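For reference, the structure discussed in these notes is given below.
Bear in mind that the values here come from a model prediction, so they are computed numbers and not experimental data. One-based numbering, in listed order, for ligands and for the atoms of each.
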Amino acid sequence: MWDFTSPRKVIFGEDALEYLSEQSFKRVFIVTDPLMRKLHLHLLEDQLNAINAEITVFDEIEGEPTLQIVQKGAKLLAEAKPDAIIALGGGSVMDSAKGMWPIWASPEDGMDAIEGLDPFGKINLREKTGSILINIPTTSGTGSDVTWATVLTDNSSETERKASFGNRELVADITILDPILTKTLPRHLIAGTGLDAISHAIGGYLSTWRNDFSDAFLIHAFKLMWENISLAYNQAETGEVNFEIREKLHNAATMSGWGFGNSQIVLGHALGHSIGAAFKIAHSKCIGTTCWYSLMYNKNAEPNRIADLARAIGMKGKSDEELTEKLILGLKNLLLELDLPLSLEEMGVTKEKYDSEIEAVIEYALNDSGTLSNPRPVDYEDYVKIFEYLYIGKELDF
Ligand SMILES: NC(=O)c1ccc[n+]([C@@H]2O[C@H](COP(=O)([O-])OP(=O)(O)OC[C@H]3O[C@@H](n4cnc5c(N)ncnc54)[C@H](O)[C@@H]3O)[C@@H](O)[C@H]2O)c1
Ligand SMILES: [Fe+2]
């Protein structure tokens, strides 16, 4: 038996934020970060003031959020007792809100309320708190607005660990996709977060947990993202914002999250999570690169599936193998076009730092769920080689 878990509603397109003023919330708790507070919070306040909702704002979220900040937010959340939690921001903000909610619901469990989550267990979040979760993403990438996972960093020990926790009940009730929020995205974030969505689409499509439902979302998300990302990136250089293109990217990121959230991620994310935590590299900066490595590593395991993806974006070839090679090259060229790095060296990791952390990084990657659901098995020796190649940006030949 399997299930496909979704939010109750996805509100999308121009003026989607107006949905908030059609609700009857009494108290809302907004989780956000300092920049989003400055740039976009007023748009939500306008809508919520129209229904006289009492608003509490927690704006202390930083990139790649920690268990510690989530714990702090959960305390304030419990005091505010809102009937709606609203996450306004990128994956870091949405993951934080998803982390705070179970701690509020089960204070007696302390941090185990999040660290001990069973993906399929019943935790009765809505019944215990009387609240719902509304996600309003401001980056077009993570898909965290519709997934049941929260990725949090534990910095309490020497080597930081980034771990995924989750439960089906963490899938938001409502996701609001208003492209206006993405007009302030700088180019490098359009590129990096877009590659995160591409990597979810590819990973979810190749994962051993894939299914007919996730396939449908992932193939279309991949096509939408691939066809529009360079346009948005190039326009952003001149400050131009084409909302039709931005809407496609925003929708694609959520569809990609919907798909991989009901399938899994693969090697690309196991690599991305492990180097992200150990070398403090933002997810959006490294995930496109590690996705490229994942495609190279998996090319012989799944040539027909990779060829499906290539065909979806109009690539032509005489065989699945030829299409697979074309997609691998196409992805490398996309990374170059979007000024994304091709190696750990280019990401600024010194050899000294690499040598001191690599054993911990490999252990981390081996335990990541992306290793478990990767179509081609990956063991310790494989990781040693993959990381050696990734460090200098050498293409895989094994
Ligand atoms: N839960 C999941 O399913 C899932 C999936 C993928 C990634 N993640 C996690 O999400 C986090 C990354 O999220 P992210 O890539 O969205 O970045 P982010 O949330 O960390 O934001 C990055 C930066 O972009 C800024 N920003 C956000 N929206 C903006 C906008 N509209 N205009 C200008 N600046 C904006 C933020 O203020 C921040 O400084 C990582 O921790 C990653 O592990 C989670
Ligand atoms: Fe991701």
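Only the side chain of D95 comes within 4.0 Å of ligand 1, counting heavy atoms alone; its backbone N, CA, C and O stay farther away. Contacts of M36 with ligand 1, taken as heavy-atom pairs under 4.0 Å, involve the side chain alone.
A heavy-atom separation below 4.0 Å is found between F260 and ligand 1. Taking a 4.0 Å cut-off on heavy atoms, G141 fails to register as neighbouring ligand 1. Residue contacts with ligand 1 include H200, since one of its heavy atoms falls under 4.0 Å from the ligand.
When D196, L195, I287 are checked for heavy-atom proximity to atom 6 (C) of ligand 1, D196 turns out nearest. Taking all heavy atoms of G90, G166, P137, S92 into account, the minimum distance to atom 11 (C) of ligand 1 is reached by S92. For atom 40 (C) of ligand 1, the choice among K98, H269, E64 with the nearest heavy atom turns out to be E64.
For D196, the N, O or S atom with the smallest separation from the Fe ion (ligand 2) is OD1. Residue-level check: among N/O/S atoms of H200, NE2 sits closest to the Fe ion (ligand 2).
By the definition of a contact as any protein heavy atom under 4.0 Å away, atom 14 (P) of ligand 1 is in contact. Within a 4.0 Å radius of atom 32 (N) of ligand 1, the protein has at least one heavy atom.
Aromatic ring centres of Y297 and Y293 lie farther apart than the 6.0 Å criterion allows.
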